[in-house]
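As C-alpha cells, the structure follows; a few thoughts come after it.
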Amino acid sequence: MNWGSFYAVISGVNRHSTGIGRVWLSVIFIFRILVLVVAAESVWGDEKSGFICNTQQPGCNSVCYDQFFPISHIRLWALQLILVSTPALLVAMHVAHRRHIDKKILKRTGRSSPKELERIKNQKFQITGALWWTYMISIIFRIAFEVAFLYIFYLLYPGFKMVRLVKCDSYPCPNTVDCFVSRPTEKTIFTVFMLAVSGLCVLLNLAEVVYLIGRACKRGFQGSEEESKGAWISQRWSTYKLNEINQLIADQSLKSKFTVTKKSPTEKSERCSAF
Amino acid sequence: KPLTRLTKLVGASRHSTSLGKVWLSVLFIFRVMVLVVAAESVWGDEQSDFTCNTLQPGCENVCYDQFFPVSHIRLWCLQLVFVSTPTLLVATYVAYRNHSDKKRLLSKGQEEDLETLKRRRLPIAGALWWTYACSLVFRLLFEGGFMYALYVVYDGFQMPRLVQCDQWPCPNLVDCFISRPTEKTIFTVFMATTSSICMVLNMAELVYLVAKAVNR
C-alpha cells in the first residue's frame, strides 16, 4: 500500500492551507496512516486464520467469521483515510486552475519566459474569493466523510470493545457453536486509539471552519476590494502591462548593443540539422 | 514508481479537455488506491480459505477452479491497465506532431520557437480531435467490456457464502464455503460503481467534444 506517494499528492496542498490545516495534515499522517501501516495491519493480519470455532465442521469458521465481521476494521479505516483526504485534491485542482489563468494572462501580454513561468509555479495563493469557497467546501466534505464513517463503524460494530467469544449458529454449524476472536484486547486498544484520533480530526476541521469564517468576516469589515475576481484579474493585468512597458524600454537599450555580434540564422541551422 | 506514472498517464495529459483532466484523474487515483487496499487483504486468502465439506483430496482445487476462473483482482487490474492505454494513443500522436513541427521549424531557421513548441497546448481540432475521440471510445468499450465480463463470469456482483459442487473427484454434491463473501461483495459493488461513474464522465466528454466540433 503505497501511502508514501499518496502523502506526496496530498501534501502538495499543504502550502495553500491554513495553519490548522497543516496540523490536521500532520495528525492524519503521523497518527493515522503511520499507525495503521506500522501497527494495526499486523494486529489484524491473522484475523481470519486466528478465528477458530469449537467444531470440526468444514466451512463453519468461514461462515461465522463472515457473519460477525462483514467488513474488517482495517479496510474501513483505510477507506476512511482515502475518502477524507480526497477533498484536498479539490483545492489542488483549484490552485492549478488559477495558475493556468495567470499563465494565460502572461502569454497575452507577450512575456512567457521560463523564469516568469517558474515564478507562477511556485507562487503561494491567498485564501480569498473562489479559493475560499473551494477550501470551505473541501473541509465540509472532510467532516461529512469522517462523521459518516464513524457512524458506519457504530452501526457495524456497536461499542468499541472487541469481544473474546461470539456464538454462531448459521448453516453449516451444528447447533450453536462458540467462536473465538484472535487478539481481542489489542484490537480494542487500537480501535479506541483510531476512534479518538478520528474525533480529534473532526474537531480540528470544525476549528478550521470557524477560523476561516472569522477571517473572512474580519476582511469583510476592513472592506478589502480584492474579493471580486474581476478586480483581481484587472489588478494583475495592469501590473503586467506596467512590467511589459519597463521591459520594452530595457530591451530597446540592449538591442542597440548586441546587433553587431548576432549570428546569421543559416549557420545555426546547418549545425543543428547534423543530428 | 509505476503507480504514479500510470496515474499521470490517464487523466493528467496536457492535451485533454479540462473535464477529463480533473475528474478522471481523481477517480483513477481513487480506484487504484482502493484496489491496492483491498487486493492483498481481502482476496489474499481466496484459495487457501476456500473449504469444502469433504476430506477428498483435490475436491477443493477442482471446485475453486470451477467457480473462480479468473479472480476479481486480476480482472480489475487488467481493466485499469486497458483503460489507461488509449491515452497513449493521444500522447503518441502529440509527440509525432511535435516532432514533425520541430523539423519544419528547424528547416525554416526559427529555433527560438522550439521552447514555445514544447510547452504549447495543441488545440483539439482535426486529426488530434479524431485521435482523442477514438481514445475515448476505446476507453468506454474497455470499461463496459470488463464490467460485463465480471457480471457474466460471476452471475452478478454478489458473492454467495456457499456454492455446491459435484465435479470429479468430489463425492456426490458437496458444500463449499467462500471466505469473506460480504466484504468481497462490498468491494465489488464499490468498484462497479466507480467504473460506471467513469463511463458516464467519458461519455459526457465525448458529447462535449462532438458539440465543440459541430459548433466549429
Side-chain angles (χ1 to χ4, degrees), chain A residues 1-6 8-9 41 44-45 47-49 57-72 74-79 81-83 85-87 89-90 92-94 96-97 100 103-104 107 112-114 117 170-172 264-273, chain B residues 1-4 7 12 18 21-23 25-27 29-30 32-34 36-42 44-45 48-55 60 102-103 105-112 114-116 119-121 159 161-162 174-187 190:
Chain A
M1 177 66 219
N2 199 355
W3 291 107
S5 50
F6 176 69
V9 169
E41 282 190 350
W44 267 268
E47 52 178 339
K48 179 124 199 303
S49 49
Q57 168 67 44
C60 183
N61 280 355
S62 284
V63 166
C64 290
Y65 177 81
D66 186 63
Q67 183 183 355
F68 286 97
F69 300 102
I71 177 165
S72 165
I74 295 285
R75 252 76 69 189
L76 271 180
W77 288 328
L79 276 179
L81 279 174
I82 292 175
L83 275 178
S85 318
T86 309
L89 289 174
L90 270 180
M93 282 170 348
H94 193 121
H97 177 69
H100 183 65
K103 269 195 203 166
K104 262 189 173 168
K107 284 196 178 129
S112 52
S113 65
L117 293 170
S170 335
Y171 176 84
S264 64
T266 42
E267 253 184 60
K268 263 193 181 161
S269 66
E270 272 178 43
R271 229 184 331 133
C272 287
S273 60
Chain B
K1 293 205 184 122
L3 207 68
T4 39
T7 317
S18 41
K21 194 190 294 190
V22 156
W23 288 106
S25 49
V26 169
L27 266 177
I29 291 174
F30 203 60
V32 169
M33 300 240 89
V34 172
V36 170
V37 163
E40 282 318 299
S41 355
V42 179
D45 58 1
S48 49
D49 264 358
F50 182 79
T51 34
C52 291
N53 190 2
T54 175
L55 284 179
E60 281 175 8
K102 208 193 275 192
K103 275 175 119 170
L105 279 179
L106 276 177
S107 63
K108 280 192 192 165
Q110 299 163 336
E111 302 95 21
E112 62 264 24
L114 278 176
E115 267 307 308
T116 46
R119 288 167 189 272
R120 76 169 169 192
R121 198 190 141 151
M159 182 74 80
R161 259 185 200 180
L162 161 71
V174 298
D175 292 334
C176 292
F177 301 93
I178 299 174
S179 84
R180 312 184 203 250
T182 317
E183 207 161 357
K184 288 181 180 170
T185 307
I186 291 175
F187 276 101
F190 187 84

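First the proteins, then the strands, lettered A, B, ... as listed; each starts at 1. Heavy-atom basis, side chains included; hydrogens, waters and symmetry copies ignored.
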Enter the distance from Tyr65(A):OH to Thr182(B):OG1 here, rounded to the nearest 0.5 Å. 10.0 Å
Residue Glu47(A) versus chain B: region with a heavy atom under 4.5 Å: side chain
Before giving the answer on side chain to side chain contact (heavy atoms under 4.5 Å, CB included), spell out for Ile71(A) and Phe187(B) the whole-Å C-alpha distance, their side-chain angles and the decisive distance to 0.1 Å. CA-CA 9 Å; Ile71(A) 177 165; Phe187(B) 276 101; 4.3 Å; yes
Give the intermediate values and the outcome of side chain to side chain contact (heavy atoms under 4.5 Å, CB included) for residues Tyr171(A) and Leu162(B). CA-CA 10 Å; Tyr171(A) 176 84; Leu162(B) 161 71; 3.9 Å; yes
Chain A contact via Phe50(B) - side chain, backbone, both or neither, heavy atoms under 4.5 Å: neither
Segment of Cys52(B) engaging chain A (4.5 angstrom heavy-atom cut-off): backbone
Rounded distance (nearest 0.5 Å) linking atom CD1 of Ile186(B) with atom CG of Leu76(A): 8.0 Å
Looking at residues at least two apart in the chain, or sitting in another chain, which of them share a side-chain hydrogen bond (donor to acceptor under 3.5 Å, both in side chains) with Glu183(B)? Arg75(A)
How long is the gap from CG on Asp66(A) to CZ on Phe177(B), to the nearest 0.5 Å? 12.0 Å
Turns out that what part of Thr51(B) lies under 4.5 Å from chain A's heavy atoms comes down to side chain
Arg180(B) versus chain A, heavy atoms under 4.5 Å apart: side chain, backbone, both or neither? both
Name the region of Ser170(A), side chain, backbone, both or neither, that has any atom closer than 4.5 Å to a heavy atom of chain B. side chain
State which residues pass side-chain contact (heavy atoms from CB on, under 4.5 Å) with Asp49(B); sequence neighbours excluded, sorted by chain then number. Lys48(A), Asp45(B), Ser179(B)
